[in-house]
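Since the model is a prediction, treat every value here as computed from it, not as a measurement.
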Amino acid sequence: MFQQNMPIGISQAGANLLANTCRIGAIFALVSLVVTGCTTPNPVVYEGLASAAELLPNTVDKSGREPFRYQGNADWSQYDKIIVDPVTVYKGRDNQFGKVPDKDRSELAGYMQATFTGRLRGRFAMVAAPGPQTLRLRLTLTGAKTTTPVLGPFSHLDVGGGVYNGVQAVRGREGAMTGSVTYAVEVYDAASDRLLLAYVAKQYPNAMNVGATFGALKASMVGIDKAADELAQKLR
């Protein structure tokens, strides 16, 4: 009887060892993927922007999300109306869309238009023509990254990915295999067409935001939500 049970016992121990080995291997594979492919390029001074010549390195920003900026002399309290131009999908050679298809770019641009308009509506009256006390907002969608299917959610639920994302969340950086959005903001005095504010930026969900990993464009949309909130805060 003892001899008959030995192969079964050994087989079970081997199976356990194999399972643990596979588990460790999966964690190391995930970490390898994280290190090599989780982040997206930082925004640049996109050569096709009207404000490109005015943008300077943003020495105040330590997050890396807003590396270039122009700040004119503007008293935002003098403005109570705004024109929000249709969002432009940037087609310059230095765009950062990678392999994101045109239909997804258009969907994100539409979401950006609606989101920024909605956020600013409580602060400004929406108008269609230039006039006194009126701003003009020009938004350019310059790049995006979609969330990696399967690996995006898995990287937030797996032990190894959870550790990495926890560290990234504390640092305010991108999560593993999660999407993002890059964009440019240009704010003008509508009557004089004088540039008051311009910057390029990147936004993405908190690295521990598991919900933002379900759906290819969800993380980019969360990034747009954050971008609109940030601009609304700047214009107060």
For the student: nearest non-hydrogen atoms of [X] and [Y], plus distance:
X	Y	answer
P43	P67	O-CG, 3.7 Å
N42	G64	OD1-O, 3.7 Å
P130	A190	CB-O, 3.5 Å
Y79	R123	O-NH1, 2.9 Å

Euclidean distance, [Y] [atom2] relative to [X] [atom1], rounded to 0.5 Å:
X	Y	atom1	atom2	result
K145	K99	NZ	NZ	13.0 Å
L217	D104	CG	CG	4.5 Å
M126	T134	CE	OG1	11.5 Å
D85	E186	CG	CD	10.0 Å
S63	Q203	OG	CD	8.0 Å
Y199	L55	OH	CG	11.5 Å

Does [X] belong to the same Ile/Leu/Val/Met/Phe/Trp/Tyr cluster as [Y], with side-chain heavy atoms less than 4.5 Å apart forming each link?
X	Y	result
V84	M112	yes
V181	L49	no
L120	L196	yes
V187	I82	yes
L108	V89	yes

For [X], what residues pass the salt bridge (charged side-chain N to carboxylate O under 4.0 Å, His left out) criterion, not counting sequence neighbours?
X	answer
D189	none
R105	D102
R93	E47
D229	R119

Item to check | Basic-acidic side-chain contact under 4.0 Å: D61, K202 | outcome: no
Item to check | Ion pair check, E66 and K234, cut-off under 4.0 Å | outcome: yes
Item to check | Test side chain to side chain contact (heavy atoms under 4.5 Å, CB included) applied to T115 and M221, step by step | outcome: CA-CA 9 Å; T115 302; M221 290 178 172; over 6 Å; no
If only atom types and distance count, is the side chain of [X] paired as donor or acceptor with the main-chain N or O of [Y] below 3.5 Å?
X	Y	answer
S220	K218	no
T142	T182	yes
T147	G179	yes
Q113	L139	no

Item to check | side chain to side chain contact (heavy atoms under 4.5 Å, CB included) assessment of L235 paired with L137 | outcome: CA-CA 11 Å; L235 299 182; L137 172 62; over 6 Å; no
Checklist entry - Going by distance alone, is a donor N or O of one side chain under 3.5 Å from an acceptor N or O of the other, for T140 and T88? => result no
Checklist entry - Is there a side chain to side chain contact (heavy atoms under 4.5 Å, CB included) between L135 and W76 once you walk through the steps? => result CA-CA 9 Å; L135 297 173; W76 304 119; 3.9 Å; yes
Checklist entry - D75: what forms a side chain to side chain contact (heavy atoms under 4.5 Å, CB included) with it, not counting sequence neighbours? => result S77, Q78
Next on the checklist: Set out, in order, the CA-CA distance, both residues' side-chain angles and the distance that settles side chain to side chain contact (heavy atoms under 4.5 Å, CB included) for N58 and F68, then state yes or no.
Outcome noted: CA-CA 5 Å; N58 185 355; F68 299 98; 5.9 Å; no
Next on the checklist: By the ring pair (Phe, Tyr, Trp, His ring centres under 6.0 Å) test, which pairs, at least two apart or in different chains, include something from residues 81-124?
Outcome noted: Y46-Y90
